[in-house]
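Notes follow once the structure below has been shown.
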Number of protein chains: 4
Amino acid sequence: MARTRSEQAVWRREQLLNAALTVFADKGVDGATVKDVAQAAGVTPGLLYRYFDSKEAMVETLLSERGFLPRLRELRAEPNDPRPATEVLTELLESFDRLLVDHAELMALFFSAGQARAPLAALVSEGHRLIGGFLAERVDAGELRAHDTATAARTLFATVAVNRRLGTPIDIAALVGLLFPGEG
Amino acid sequence: MARTRSEQAVWRREQLLNAALTVFADKGVDGATVKDVAQAAGVTPGLLYRYFDSKEAMVETLLSERGFLPRLRELRAEPNDPRPATEVLTELLESFDRLLVDHAELMALFFSAGQARAPLAALVSEGHRLIGGFLAERVDAGELRAHDTATAARTLFATVAVNRRLGTPIDIAALVGLLFPGEG
Amino acid sequence: MARTRSEQAVWRREQLLNAALTVFADKGVDGATVKDVAQAAGVTPGLLYRYFDSKEAMVETLLSERGFLPRLRELRAEPNDPRPATEVLTELLESFDRLLVDHAELMALFFSAGQARAPLAALVSEGHRLIGGFLAERVDAGELRAHDTATAARTLFATVAVNRRLGTPIDIAALVGLLFPGEG
Amino acid sequence: MARTRSEQAVWRREQLLNAALTVFADKGVDGATVKDVAQAAGVTPGLLYRYFDSKEAMVETLLSERGFLPRLRELRAEPNDPRPATEVLTELLESFDRLLVDHAELMALFFSAGQARAPLAALVSEGHRLIGGFLAERVDAGELRAHDTATAARTLFATVAVNRRLGTPIDIAALVGLLFPGEG
DNA sequence: AATGAATGAGCCTTCATTCAT
DNA sequence: CATGAATGAAGGCTCATTCAT
């Protein structure tokens, strides 16, 4: 297991971030102490400061490196996907929902923030763009009836996200069927 | 200005709660100090302890005395309201949205709470009951097409609430029109 | 029960001192709060300050007004008491011991004082004077053998006081018999 | 000055206990603040909490680690010591008195303790056992006249202790001569 | 005479952060 | 790289004391 110096450094950094994410999600950023994080990582508090400038820097690193905006951006419907719109949309939303599940602790971090931390806004607008773009495409193609795609995007996004956060995930197929009955 | 002792006590208590609500919503419960609250109220920290046992007791008082569950319960559509469903629904959602505006700080408090505090769940389920009940009624009456009223209720509720919380309120008429196009 | 103003004042003052003595003896001066004393007296803290300048002033008043130095001074053997010295001495020490019992709370107060409060020294030296004086008298009269009366006084006084304080009172007749066997 | 980490930790701990003992004895446990102790040790208050859980924990550590019961137990007269009883007894009491001098602050702590703390009782009873045992031995050997050895032990112990505590140490030879004139 | 609202100082304790080793 | 001793700045809370009513 001979690890080079720099491998070790990378590994330790990840380990600390993992510990921080777990602890922050569990106790909240304010409720967790640096000592808590260190203990969860099996090191001493001092070591954290070799890797991060401050506790707040850890939060920000978590938000930017572990944020799922990149992965959200990867999510997209194939252009000219031959499948019906509702099918593609359902898949899209389910992927999104799965993203939220995979990053449950981060969601908590987002919501627990006193004043909504900036990354949240980016996340939301990217989600709107993703869904809204797809809907507009299909309306243009004449597959979906003309409708307020912006409002629809916000509706779908909000509904999936909030219900996941509340621990009462919604039936996505039912949601899609509700907005686009008998369509696509 | 002629206030009796007991009037003064009641008034001061309310004032402290107001200050606490503002400060907590602004900085979060953990982020706010007792001193912050006291300063916002123009008194010294010690005084808070004549009215509340602890900082946490303030939060709980706020949640129980200032929660808007009672007001949410008062919201209801008249039975057999002659107006079209979409009109009544729009009014209902707008009232709800207004409630959120009136209690913006409390909303922040709710969301900032790690997960612990129970009142949020009660609020949500009451909202679902309110909207879902109305929808089912109108479906039974044959006014609205048959649809998954539970999912619809959760969708409407979530969409209004989240967008209000994010500071990007939704156009409720558009939302209703989206779910029930050309109906009611 | 019509009490004149000044009677009422005197009565209240005594009542407050009683309450203070009880509470101080129970919790210690530092451990007891002004509120504790007020509650024990059935009044509000503010009132105490009409009668005493400060909490410390209460302690001092207690020490000077309730101290048993005056009563200790009253204690004395009749000059030329015809009874044997050991009998008179035993009676003297028993009176002293009884005094300690009567003022148990004050004893606690004395001992609990960080640096011995002044009155204690006065008490001790008065006790020495009382006992030593009697012994010297009887030695002069040839009734007791010549001995170090000052040391004897300190011995008798210390033994009675400490053992009373420790809750293990000594048998005074035995004590006297020990120092003056077969004498007086 | 080259102190290893663990040596330093032990040393610091001792230093803090020394400081605490001095300060507590001077101002009393309640009267002394954690800041006082820290200042006396030349450190910041926070450091105390790396070594002790609380202020009260410091007191308890002092009582258990610095109590002189062990040293009191080591004190004993040689069996069959050929020297006269009064000589041995004098030496014994002087050792005891010296013990009190060496632990003057602890004595203060003992006395200042409301009544609660148990160690005092153990100390006293051990002292009685020590002195009483020796006296009984010499009475059995026919060297001392028959007398109430228990009362004598309590008398000697109380006299030495109280007078030392009051800052007016007694002449031990005179004390012994008083109880056992012309004997041993 | 008595109350109790209000203050200000300070207490015990916690914790993010630094730094010598 | 890693430790853990040490610091400094609060933070929540208590309490003796004052004063308008």
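Every chain is numbered from 1 and lettered A, B, ... according to where its sequence line falls, protein lines coming before strand lines.
- The number of heavy-atom neighbours closer than 6.0 Å to CG of C/D53, taken from other residues, nucleotides and ligands shown, is 12 or below.
- Put simply, C/Y49 has a side-chain N or O that comes within less than 4.0 Å of OP1 or OP2 on F/dT17.
- For the OP1/OP2 pair of E/dA2 and a distance below 4.0 Å, the side-chain nitrogens and oxygens of C/Q8 include at least one atom meeting the criterion.
- Of the candidate nucleotides F/dC13, E/dT13, F/dA2, E/dT13 has the atom lying nearest to any side-chain atom of D/K55.
- Rounded to whole angstrom, the span from the CH2 atom of A/W11 across to the C1' atom of F/dA2 amounts to 13 Å.
- Distance C/K35 NZ to E/dG4 C1': 11 Å, rounded to the nearest Å.
- Taking atom NZ on A/K27 and atom C1' on E/dA16, their separation rounds to 15 Å, with Å as the unit.
- Here A/R66 pairs with A/E14 in a salt bridge; the nearest charged N to carboxylate O distance falls below 4.0 Å.
- Here the CG atom belonging to C/D102 is positioned 9.5 Å from the CZ atom belonging to C/F68, to the nearest 0.5 angstrom.
- Between the CG atom of D/L48 and the P atom of F/dG4 there is a distance of 20 Å, rounded to whole Å.
- Pair check for E/dA1 finds none; no Watson-Crick or G-U wobble contact set falls under 3.5 Å.
- Residue-level contact check: A/R50 touches the bases, meaning some heavy atom is under 4.0 Å from a base atom.
- Taking every side-chain heavy atom of D/R12 into account, F/dA6 is the closest of E/dA2, F/dA6, F/dC1.
- Projected onto DNA chain E by closest heavy-atom contact, C/Y51 and B/V43 fall at different nucleotides, the more 5' of which corresponds to C/Y51.
- Of the candidates F/dT7, F/dA16, F/dA6, F/dT7 carries the atom nearest the D/T44 side chain, counting heavy atoms from C-beta on.
- Rounded to whole Å, the distance from CE on B/M58 to C1' on F/dC13 is 11 Å.
- Among the protein residues, C/A41 comes within range of no part of the nucleic acid, since none of its heavy atoms lies under 4.0 Å from any strand.
- Counting only heavy atoms from C-beta on, A/P45 has its side chain closest to E/dT17 among E/dT14, F/dG8, E/dT17.
- Summarising the geometry of A/A161 relative to A/L100, their closest heavy-atom pair is CA-CD1, 3.7 Å, with the distance given to 0.1 Å.
- Contact check for C/R13 versus C/L17: side-chain heavy atoms found under the 4.5 Å cut-off.
- Of the residues near DNA chain E, C/L47 and D/T33, the one whose nearest nucleotide (by heavy atom distance) lies more toward the 5' end is C/L47.
- At the heavy-atom level, A/A32 lies under 4.0 Å from the strands shown only through sugar-phosphate atoms.
- Nearest heavy atom pair, residue A/A41 against residue A/L16, reads CB-CD2, 3.7 Å.
- Between the CG atom of D/D30 and the P atom of E/dG10 there is a distance of 18 Å, given to the nearest Å.
- Nucleotide E/dA6 holds its C1' atom 11 Å from the CG atom of B/L16, rounded to whole Å.
- Atom pair C/Q39:CD and E/dT3:P shows a separation of 12 Å (rounding to whole Å applied).
- Closest contact between the side chain of D/V34 and the listed nucleotides E/dA2, E/dC12, F/dC15 involves E/dC12.
- If you find the closest nucleotide of DNA chain F to B/S54 and to A/G46, the one lying nearer the 5' end belongs to A/G46.
- When both pairing distances are held under 3.5 Å, E/dT7 makes a Watson-Crick or G-U pair with F/dA16.
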